[in-house]
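This one's a predicted model, so the numbers in the text were calculated from it and none came from an experiment. Below, read A as the first sequence line, B as the second, and so on, with proteins coming before strands; counting in each chain starts at 1.
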2 protein chains.
Amino acid sequence: MPHHIPAAPPSSPPSGTIEPCPMVSFVNLVSGKWAIPILYRLIVIGVAVRFSELQRAIAPITQKELTRQLRLFERRGLVRRQVYAEVPPRVEYQITALGQSLRPTLDSLADWMRTHGEALAGDD
Amino acid sequence: MPHHIPAAPPSSPPSGTIEPCPMVSFVNLVSGKWAIPILYRLIVIGVAVRFSELQRAIAPITQKELTRQLRLFERRGLVRRQVYAEVPPRVEYQITALGQSLRPTLDSLADWMRTHGEALAGDD
DNA sequence: CTGCATCCACACGGATACTG
DNA sequence: CAGTATCCGTGTGGATGCAG
């Protein structure tokens, strides 16, 4: 998403802490051109994988985008990053339990899309 | 979402028709700053509502964005647009059955977010 | 090998003015 | 009232070069 959905709570109370819409927060979490491809690939793989291995699996993603998105997921606790002090450097990424817990929800998205997707007129 | 997820199928076969990832397609569908607020509002309301009424309900959305997003949903068959030849002009929008069918899926997103959302570190 | 820094194109989304 | 047209700031994401 584009820009990225700064989260605008519909009809917010006059004052105090505003509570962001969970659905909007969710979409924010998995927005971005490569978010789902990366996340789902890590979920399916399950075990730790090297950066370059991941990049080949999700080609043609750029290093910049892969790094950026992985760091975002890491901050969210969806992905764990393991750095090995070696030469050449080795960095491995693995989905966390929290990340894995997303699977059923993501599958339900896919299910709806597969079921009703063909009814959708313009796919752009 | 960031600019908007042009849909890049991971690991595409050498030739023939490429099949887009359903999850990516789904996120594309509900990406954009105001997509979810508009869609869910229409789902909850259920009946036809006037443009201005909708705009007030989802404030502070601009006319431009509301129009653009509604037209997108219309093309996808999620929203029906009814124009009345009157003065002053009256245009009403209503969620379709296809749009309503999204509700359980959207609710499951919200459920996951409410359940695991607090575990997520950075909310930016 | 990993990933940061830089430059850049462009699409999203806001503000405003104008039309039927 | 509903919608279009225009201008513009800014985020996103690609390409490339460089560093540890």
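When rounded to the nearest whole Å, the span between CG of A/L70 and P of D/dG13 equals 14 Å. The separation between A/E86 atom CD and C/dC1 atom P is 13 Å, rounded to whole Å. In this structure, CZ of A/F51 is placed 18 Å from P of D/dG20, rounded to the nearest angstrom. Rounded to a whole Å, the CD atom of A/Q55 is 14 Å from the C1' atom of D/dG13. Put simply, CD1 on B/I61 is 13 Å from P on D/dG3, counting in whole angstrom units. If you take CD1 of A/I38 and C1' of D/dT12, they are 14 Å apart, rounded to a whole angstrom. In this entry the distance linking CG of B/L72 with C1' of C/dG13 reads 13 Å, nearest Å. Distance B/Q69 CD to D/dT4 C1': 17 Å, rounded to the nearest Å.
Note that the CE atom of B/M23 and the CG atom of A/L39 stand 8.5 Å from one another [nearest 0.5 Å]. The line from CG of A/L54 to CZ of A/R41 is 8.5 Å long, rounded to the nearest 0.5 Å.
Nearest heavy-atom pair across A/L78 and A/I95 is O-CD1, 3.3 Å. Shown here for A/P22 and B/R114, the closest heavy-atom pair between the two residues is CG-NH1, 3.4 Å.
Taking 4.0 Å as the cut-off between side-chain N and carboxylate O, A/R68 and A/E65 count as a salt-bridged pair. Ion pairing of B/E74 with B/R76 is absent here, as no side-chain N (NZ or NE/NH1/NH2) approaches a carboxylate O to less than 4.0 Å.
Contact annotation: B/R68 does not reach the phosphate of C/dC12 (side-chain N/O to OP1 or OP2, under 4.0 Å). Note on A/R50: every side-chain N or O is 4.0 Å or more away from OP1 and OP2 of C/dC1. Using a 4.0 Å cut-off, no side-chain N or O of B/W34 falls inside it from OP1 or OP2 of C/dC12. Remark: B/R90 is not in phosphate contact with C/dG20, judged by side-chain N or O atoms under 4.0 Å from OP1 or OP2. Checking the phosphate oxygens (OP1, OP2) of C/dT2, no side-chain nitrogen or oxygen of A/Y93 falls inside 4.0 Å. Between D/dG11 and B/K33, no contact under 4.0 Å exists linking OP1 or OP2 to a side-chain N or O.
Rounded to 10 degrees, the angle separating the terminal helix axes of the helix from C/dC1-D/dG20 to C/dG20-D/dC1, each built from five base pairs, is 40°.
The side chain to side chain donor-acceptor pair (under 3.5 Å) analysis of residues 94-103 of chain A, with sequence neighbours excluded, yields the pairs A/Y40-A/R103, A/R80-A/Q94, A/S101-B/W112.
Candidate nucleotides D/dA15, C/dT2, C/dG13 were compared by shortest atom distance to the side chain of A/T62, and D/dA15 ranks first. Out of D/dG3, C/dC1, C/dG13, the shortest distance to the side chain of B/T67 is found at D/dG3.
The residue among B/Q63 and A/K64 whose nearest nucleotide of DNA chain D is located toward the 5' end is B/Q63.
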